[in-house]
Amino acid sequence: MNGNPEGPFPQAGNQRLILPAPVATNGTASADVESSLFAQLKPGTVFMMGDNPVLPRMPRRPRLLDFFKCRITDVTYRHLLTSAKRAMEAGQDEKIVLACLLHDISNGCLIRTDHGYWGAQLIAPYVDEEIAWAVQNHQALRYFADESVGYQYPESYVRFFGANYTPPDYIREAAERAKRHRWYMSARLVTLYDIYFLDTSETLEPGIFEDIIGRHFREPKEGLGFDGSNVAHMWRTAIWPNNAL
């Protein structure tokens with residue numbers, strides 16, 4: 001059975017506890033929540049598995065835009081749509097537009113740390129290699145200016161990380177490798193349209209990119225997460241982010 005079953009939500013009649021992923025709690029005040037949650041388990045109180053009624057239910061065979069509509073967080077949703085729209089309006093190649101649409105997909109529905117790498121891995125089986133490469137390498141290039149295209153270190157990063165932040169060596173090394181690569185400009189263009197603190201007055205619909213997605217994103221007939229690919233588990237994690245296991 002693909003996707004989410006129809007009918008009642010799973011574990012009906014039980015109180016369902018969410019056991020958060022360690023990557024979300026380590027280093028925070030909630031780092032020790034695991035022990036307290038285990039102590040609450042008893043007949044009728046269980047760890048959540050399957051659909052969370054707080055989240056929109058995904059279709060049985062999810063497609064890319066279903067994740068935009070049902071799982072990607074609001075700030076990232078607006079950021080991705082605006083970045084892609086600006087690239088499209090600037091007349092960029094459709095592959096660049098799609099890379100802009102997907103460059104922060106991991107931030108929006110999976111994991112933030114090394115989001116370029118996670119995002120590239122998530123989409124790699126379904127897009128041209130150049131698109132996945134651009135998504136991965138925009139992460140490192142974001143920290144380094146390129147006057148040839150008018151790209152400056154983002155003011156948003158000063159606000160996010162502080163004026164004296166210096167990226168780690170692996171980011172610097174990745175950026176240097178990317179600058180020597182034949183697809184450098186593809187990743188660089190993603191950074192050019194990667195703009196935060198957007199005007200929230202404009203309402204964008206992901207459907208405006210449906211044709212581009214149709215031409216450049218290979219949707220599996222079984223649905224994302226259920227096609228047996230080596231990244232299917234990542235899409236399922238976005239579908240069921242609160243599963244205990």
Side-chain angles (χ1 to χ4, degrees), residues 62-69 71-72 76-144 146 148-149 151 171 174-196 204-225 227-235 237-238:
R63 298 170 66 84
L64 178 62
L65 287 185
D66 293 319
F67 287 86
F68 274 82
K69 296 171 184 176
R71 287 297 180 271
I72 291 179
T76 302
Y77 174 93
R78 290 185 287 108
H79 171 59
L80 292 178
L81 294 183
T82 302
S83 296
K85 183 170 182 282
R86 291 181 179 182
M88 184 167 61
E89 290 174 343
Q92 295 296 340
D93 184 89
E94 289 186 350
K95 290 183 180 181
I96 301 301
V97 175
L98 186 59
C100 289
L101 183 66
L102 299 176
H103 74 278
D104 279 355
I105 189 171
S106 180
N107 276 347
C109 68
L110 195 60
I111 192 170
R112 292 185 176 278
T113 301
D114 272 340
H115 69 285
Y117 294 85
W118 285 96
Q121 186 176 357
L122 185 68
I123 65 174
Y126 314 107
V127 299
D128 287 356
E129 185 181 357
E130 181 180 357
I131 295 173
W133 190 92
V135 168
Q136 175 176 314
N137 286 279
H138 94 277
Q139 176 185 329
L141 292 176
R142 193 83 165 92
Y143 293 94
F144 302 98
D146 183 343
S148 72
V149 294
Y151 178 77
I171 289 290
E176 288 302 316
R177 288 193 299 272
K179 290 176 184 178
R180 298 189 296 269
H181 198 279
R182 69 186 186 278
W183 291 331
Y184 165 69
M185 193 52 64
S186 298
R188 175 52 74 196
L189 287 171
V190 172
T191 70
L192 193 63
Y193 300 104
D194 189 1
I195 301 169
Y196 284 97
L204 297 175
E205 290 295 330
I208 65 175
F209 302 107
E210 196 161 3
D211 289 345
I212 291 176
I213 292 169
R215 287 188 286 271
H216 300 285
F217 190 94
R218 298 181 288 273
E219 302 267 12
K221 66 181 185 300
E222 303 90 346
L224 291 165
D227 58 337
S229 77
N230 61 356
V231 300
H233 62 288
M234 299 170 71
W235 293 97
T237 298

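One is the number of the first residue; the rest follow in order along the sequence. The model shown is predicted, which means the values in this text are computed figures rather than measured ones.
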**Message:** Do Phe68 and Cys109 make a side-chain contact, defined as non-hydrogen atoms from C-beta onward lying under 4.5 Å apart?
**Reply:** no
**Asked** Any side-chain donor-acceptor pair under 3.5 Å between His115 and Asp104?
**Response** yes
**Message:** Please find the pair of heavy atoms, one from Asp93 and one from Lys95, that lie closest to each other, and give the distance.
**Reply:** OD2-N, 2.8 Å
**Prompt:** Do the side chains of Tyr184 and Leu141 get nearer than 4.5 Å, heavy atoms only?
**Reply:** yes
**Prompt:** Has Lys179 got its NZ or CZ under 6.0 Å from the middle of the six-membered ring of Phe144, at an angle within 45 degrees of the ring axis?
**Reply:** yes
**Request:** May I ask you to test the Ile212-Met88 pair for a side-chain heavy-atom distance under 4.5 Å?
**Result:** yes
**Message:** Against Asp194, only a single residue in Arg86, Gln139, His103 fulfils side-chain hydrogen bond (donor to acceptor under 3.5 Å, both in side chains); can you say which?
**Reply:** His103
**Asked** Can you find a side-chain donor-acceptor pair between Tyr151 and Arg142 that sits under 3.5 Å?
**Response** yes
**Asked** Is Glu219 close to Ile213 at the side-chain level, that is, under 4.5 Å between some pair of heavy atoms?
**Response** yes
**Item:** For Leu224 against Leu64, the heavy-atom pair lying closest together
**Value:** CD1-N, 3.5 Å
**Request:** State whether the side chain of Thr76 and the backbone N or O of Ile72 hold a donor-acceptor pair below 3.5 Å, judged by distance alone.
**Result:** no
**Message:** Tell me if a side-chain donor or acceptor on Thr191 pairs with a main-chain N or O of Arg188 at a distance below 3.5 Å.
**Reply:** yes
**Any donor-acceptor pair under 3.5 Å from Arg71 side chain to Ala238 backbone** = yes
**Asked** Would you find a donor on one side and an acceptor on the other, under 3.5 Å apart, between the side chain of Asn137 and the backbone of Trp133?
**Response** yes
**Message:** Quick one, Ser229 with Tyr126, criterion side chain to side chain donor-acceptor pair (under 3.5 Å). Give me CA distance, side-chain angles, the key distance, then yes/no.
**Reply:** CA-CA 10 Å; Ser229 77; Tyr126 314 107; 2.9 Å; yes
**Message:** If we ignore hydrogens and angles and just use 3.5 Å, is the side chain of Asp146 paired with the main-chain N or O of Ser148 as donor and acceptor?
**Reply:** yes
**Asked** Sub-3.5 Å donor-acceptor pair from the side chain of Arg63 to the main-chain atoms of Gly223, do we have one?
**Response** no
**Request:** Evaluate the side-chain proximity of Gln92 to Tyr193: yes if any heavy-atom separation is below 4.5 Å, no if none is.
**Result:** yes
**Message:** As an exercise, state the distance from NE2 of His79 to CG of Leu101, rounded to the nearest 0.5 Å.
**Reply:** 10.5 Å
**Item:** Heavy-atom side-chain proximity of Pro206 to Leu81 below 4.5 angstrom
**Value:** yes
**Prompt:** Is a side-chain donor-acceptor pair under 3.5 Å present for Ser106 with Tyr117?
**Reply:** no
